[in-house]
2 protein chains.
Amino acid sequence: MHQINKITIKDVAREAGCGVATASRVLNNSGPASAQVREKVEKAAHDLGFSFSAIGRALQSNKSMTVGCIVPSLVNPVFAEAVQGVQSVLLGSGYQLLIASSNYEAKADEELIENLLSKGVDGLLATVASPSLSNALKLAKTRNIPISLMFHDPLDGFSTAYVDNFEAAREVARQFAHYQHRKTGFLTLRFSSSDRSRNRYAGFHAECKALGLNDPILIELSEADANMPQKLALVLEGYSDLTAIFASNDFLAIAIQKAMRLLNKRVPHDLSVIGFDGIEIGRLLEVPLATIETDPDKMGQQAAKTLLKKIQGEVGEQQPSLPFKFRTGATIAPPRANSHDDDQVAPRSPSIHLTKRLLNKG
Amino acid sequence: MHQINKITIKDVAREAGCGVATASRVLNNSGPASAQVREKVEKAAHDLGFSFSAIGRALQSNKSMTVGCIVPSLVNPVFAEAVQGVQSVLLGSGYQLLIASSNYEAKADEELIENLLSKGVDGLLATVASPSLSNALKLAKTRNIPISLMFHDPLDGFSTAYVDNFEAAREVARQFAHYQHRKTGFLTLRFSSSDRSRNRYAGFHAECKALGLNDPILIELSEADANMPQKLALVLEGYSDLTAIFASNDFLAIAIQKAMRLLNKRVPHDLSVIGFDGIEIGRLLEVPLATIETDPDKMGQQAAKTLLKKIQGEVGEQQPSLPFKFRTGATIAPPRANSHDDDQVAPRSPSIHLTKRLLNKG
DNA sequence: TTGTAAGCGTTATCAT
DNA sequence: ATGATAACGCTTACAA
């Protein structure tokens with residue numbers, strides 16, 4: 001019951017009273033044709049509502065005019081913007097995007113890429129758990145399918161569009177140092193499966209060390225911790241000696257602010273926070289978020305441009321890392337003079353009591 | 001230089017020393033085969049690293065195992081979540097998603113859908129400027145390609161997954177009425193090209209009328225207005241008699257809060273605000289956003305499920321509208337007693353002066 | 001149980 | 001300038 005009415009080039013040729021080759025030539029402007037027959041073919045195609053089958057074309061030309069793109073998530077605005085950037089570049093190019101999101105699962109990465117390959121994509125844009133361990137990416141290379149990575153640091157044999165997470169994280173350490181913080185933490189989700197997060201921590205750690213700060217505490221959250229401010233508050237309570245936290249992304253940073261409010265504490269008075277990504281909403285907050293600004297849209301654009309070059313047989317060499325910028329905000333300030341000046345309005349309830357209260361809420 | 005190494009089923013057959021039909025039957029478990037040859041074929045396929053070409057299959061079976069999806073934007077979290085919902089449903093189904101975003105442009109809608117059709121998608125998920133005016137959608141129907149709309153109100157001949165924008169907007173009016181507001185506004189982007197926005201305004205307007213409030217003022221913003229709090233502030237200044245604004249989405253609502261801060265006014269003291277969508281971040285704000293909560297993820301899921309049913313030849317009947325819920329927040333309160341109690345700390349500068357100051361900033 | 005061959009829609013080659 | 005035909009990778013009659 002599906003697909004009635006499929007008009008093929010044969011139909012057009014028959015209607016126009018010519019051979020299929022002629023019809024093809026006319027419709028593609030790919031060869032000679034008398035004005036006579038040209039007219040007839042065009043009329044026939046129009047009358048019949050003909051449009052080419054990309055599948056037939058793909059089979060014959062070995063080009064699908066499709067680019068595959070795999071990202072961990074589309075809900076994360078960082079990736080969504082990157083994809084948007086990709087789209088904007090592809091728009092005029094004749095290529096279309098086949099998008100898949102892995103939900104941050106390495107296994108899904110593999111399956112989806114294989115699927116993309118079987119669909120004959122002409123190129124691959126990817127942000128995966130681990131490019132170097134991906135057999136599917138290896139397979140793509142074997143088949144000589146152009147690949148551009150996004151968000152990943154440069155890696156042997158791949159080209160990538162990225163910000164230098166390590167360097168950006170060093171800047172965060174410098175900012176904290178500048179504000180006299182010594183006891184810092186790094187808050188992240190999925191530390192083990194995100195090279196971005198690991199690189200950020202590494203850079204942060206290295207620069208803290210270099211500047212003589214304490215080693216930053218690594219705090220890895222579960223999905224649930226991150227999504228429920230109450231739970232996050234409980235976690236943060238356990239680290240009340242820290243005066244500053246570097247959040248691996250802006251959402252976490254915003255969640256921290258919320259959690260601190262639940263604890264009757266204030267940002268930046270009781271805890272300074274710096275985020276990462278520079279999402280737009282950070283600017284609109286009552287307490288504008290200090291963060292590392294990046295440009296995922298541009299990242300997507302760069303990756304897509306490089307990929308197109310490669311597809312067209314050009315070199316598509318590795319571009320330098322994209323710029324980042326520290327955007328200051330009201331979430332960072334010097335630490336309180338010292339822990340004894342509890343002149344806060346809200347009394348600090350004993351931890352265990354507070355914990356119960358919070359749990360009952362959640 | 002591309003696509004070296006393409007292993008086809010012919011190669012497998014040759015390597016296994018059998019005919020292609022046999023290889024196909026083995027690899028698909030679609031017919032008889034001796035244990036002997038079965039083994040050989042499997043080994044050959046494995047050794048050669050064979051994988052099927054979806055293109056070849058699509059051409060022969062007239063099924064691409066691909067579903068096309070068109071949304072106005074992926075950066076808008078509402079659509080991103082819907083797409084995520086779609087993906088989650090499609091995940092186990094064998095169908096893959098071909099995504100396109102139109103950037104809210106009706107012309108792009110048409111082109112992209114046609115492109116999708118030429119790629120032989122087996123079904124279409126769409127959120128477009130105007131389903132009823134879309135020739136491309138008409139074409140899809142002509143070809144008997146199943147379609148599910150998302151976000152659109154029910155429309156003759158289409159099935160859709162949606163929330164009842166009209167009803168939801170009435171609830172907003174009721175809330176404002178309950179808090180004694182009489183002078184309200186409706187703030188939106190792209191009023192003319194978004195049926196959602198129009199339906200929301202219609203419902204809001206109708207219920208305001210029914211409850212005896214003033215007719216709500218329709219305020220349509222340009223992209224620039226919405227993205228720059230300073231500009232938005234200028235706009236809002238022009239409507240200082242309003243005591244409550246219904247923002248067509250949560251981002252606008254958050255932007256209003258920011259703009260009011262720039263004007264040295266406060267939400268909800270000087271202006272009550274209710275948003276739409278219920279994005280997560282609204283909860284995390286210092287002043288949690290009152291809004292209409294919807295579930296775009298579920299919307300995507302429903303649309304995808306219905307579409308799959310249709311593709312498989314089942315009925316896929318229209319589902320009822322998805323539920324929405326008013327989520328109260330700190331952005332709504334009764335209007336100030338009256339305009340003369342200017343006991344604010346910040347003096348209200350004369351409009352013209354303020355305007356200049358703001359413009360210099362932006 | 002197995003293999004040969006037709007056909008899906010297109011384009012390129014090669015005669016005419 | 002035009003048209004017949006092979007080829008792309010696959011599945012499915014059909015024949016053996």
Side-chain angles (χ1 to χ4, degrees), chain A residues 2-42 44-45 48-66 94 117-122 143, chain B residues 2-42 44-45 48-66 94 117-122 143:
Chain A
H2 297 323
Q3 313 291 80
I4 308 185
N5 246 0
K6 271 266 186 191
I7 309 293
T8 78
I9 200 166
K10 264 186 198 167
D11 302 316
V12 174
R14 187 173 355 95
E15 177 85 3
C18 69
V20 286
T22 306
S24 174
R25 275 184 299 247
V26 170
L27 265 13
N28 290 297
N29 260 322
S30 61
S34 66
Q36 277 250 348
V37 74
R38 198 171 279 277
E39 175 121 359
K40 276 203 239 171
V41 168
E42 255 144 18
L48 266 42
F50 168 79
S51 68
F52 283 107
S53 154
I55 297 177
R57 278 182 158 170
L59 185 57
Q60 117 69 38
S61 69
N62 204 21
K63 283 171 178 359
S64 66
M65 298 309 285
T66 294
L117 290 181
S118 91
K119 289 225 153 82
V121 293
D122 299 327
R143 295 206 193 157
Chain B
H2 298 323
Q3 312 293 77
I4 308 185
N5 244 0
K6 270 266 186 191
I7 309 293
T8 79
I9 201 167
K10 263 186 196 167
D11 302 315
V12 175
R14 187 173 355 96
E15 176 86 3
C18 69
V20 286
T22 305
S24 173
R25 276 184 297 246
V26 169
L27 265 12
N28 289 299
N29 260 323
S30 63
S34 67
Q36 276 249 350
V37 76
R38 197 171 280 276
E39 176 121 358
K40 275 203 239 172
V41 168
E42 255 142 18
L48 266 42
F50 169 79
S51 69
F52 283 107
S53 154
I55 296 177
R57 277 182 158 170
L59 185 57
Q60 112 78 30
S61 68
N62 204 19
K63 281 170 179 359
S64 66
M65 298 308 286
T66 294
L117 291 180
S118 91
K119 290 226 153 81
V121 293
D122 299 327
R143 295 206 192 157

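Convention: sequence-line order gives letters A, B, ...; per-chain numbering from 1.
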What's the [atom1]-[atom2] distance between [X] and [N], to the nearest Å?
| X | N | atom1 | atom2 | value |
| --- | --- | --- | --- | --- |
| B/Lys63 | C/dG9 | NZ | P | 14 Å |
| B/Met65 | D/dC10 | CE | C1' | 15 Å |
| B/Phe52 | D/dC8 | CZ | P | 18 Å |
| B/Leu27 | D/dG9 | CG | P | 16 Å |
| A/Asp11 | C/dC8 | CG | C1' | 13 Å |
| A/Ile9 | D/dA4 | CD1 | P | 14 Å |
| A/Gln60 | C/dT13 | CD | C1' | 11 Å |

Taking the side chain of [X] as its heavy atoms from C-beta onward, which of [options] lies nearest to it?
| X | options | value |
| --- | --- | --- |
| B/Val20 | C/dT13, C/dT10, C/dT4 | C/dT4 |
| A/Ala21 | D/dT12, C/dT13, D/dG9 | C/dT13 |
| B/Arg25 | C/dA5, D/dC14, C/dG9 | D/dC14 |

So does B/Ser53 get a backbone contact from the side chain of A/Ser118, meaning a donor-acceptor N/O pair under 3.5 Å? no
Taking B/Lys63's backbone N and O only, do any of them form a donor-acceptor pair with B/Asp122's side chain (distance below 3.5 Å, no angle check)? no
What donor-acceptor contacts under 3.5 angstrom involve side-chain atoms of residues 10-19 of chain B, with partners at least two apart or in another chain?
residue : atom : partner : partner atom : Å
B/Asp11 : OD1  : B/Arg14 : NH2          : 2.8
B/Asp11 : OD2  : B/Thr8  : N            : 2.8

Just by distance, no angles: are the side chains of A/Asn62 and A/Arg57 close enough, under 3.5 Å, to form a donor-acceptor pair? no
May I ask you to check whether B/Arg143 and A/Ser51 show a side-chain donor-acceptor distance below 3.5 Å? yes
Heavy-atom nearest nucleotide on DNA chain D for A/Gly19 versus B/Ile55: which residue maps closer to 5'? A/Gly19
For A/Ser53, answer base if it contacts any base atom (sugar-phosphate contacts may also be present), sugar-phosphate if it contacts only those atoms, and nothing otherwise; contact means non-hydrogen atoms under 4.0 Å. sugar-phosphate
Within the structure shown, what part of the strands sits under 4.0 Å from B/Ser61 by heavy-atom distance: base, sugar-phosphate, or nothing? nothing
Any side-chain N or O of [X] under 4.0 Å from OP1/OP2 of [N]?
| X | N | result |
| --- | --- | --- |
| A/Ser24 | C/dT10 | no |
| A/Arg57 | C/dT11 | yes |
| A/Lys10 | C/dC8 | yes |

5' precedence on DNA chain C between B/Cys18 and B/Leu59 (nearest-nucleotide basis): B/Cys18
More 5' along DNA chain C: A/Phe50 or B/Thr22, using each one's nearest nucleotide? B/Thr22
Mind checking the NZ-OG1 spacing from A/Lys119 to A/Thr66? Nearest 0.5 Å is all I need. 10.0 Å
Ignoring hydrogens, what is the shortest heavy-atom contact between A/Val121 and A/Ser64? Give both atom names and the distance. CA-OG, 3.6 Å
Kindly give the heavy-atom pair with the smallest separation between A/Ile9 and A/Phe50, and that separation in Å. N-CE1, 3.4 Å
So which of residues 28-38 of chain A are in contact with DNA chain D, with a heavy-atom cut-off of under 4.0 Å? A/Pro32, A/Ala33, A/Ser34, A/Val37
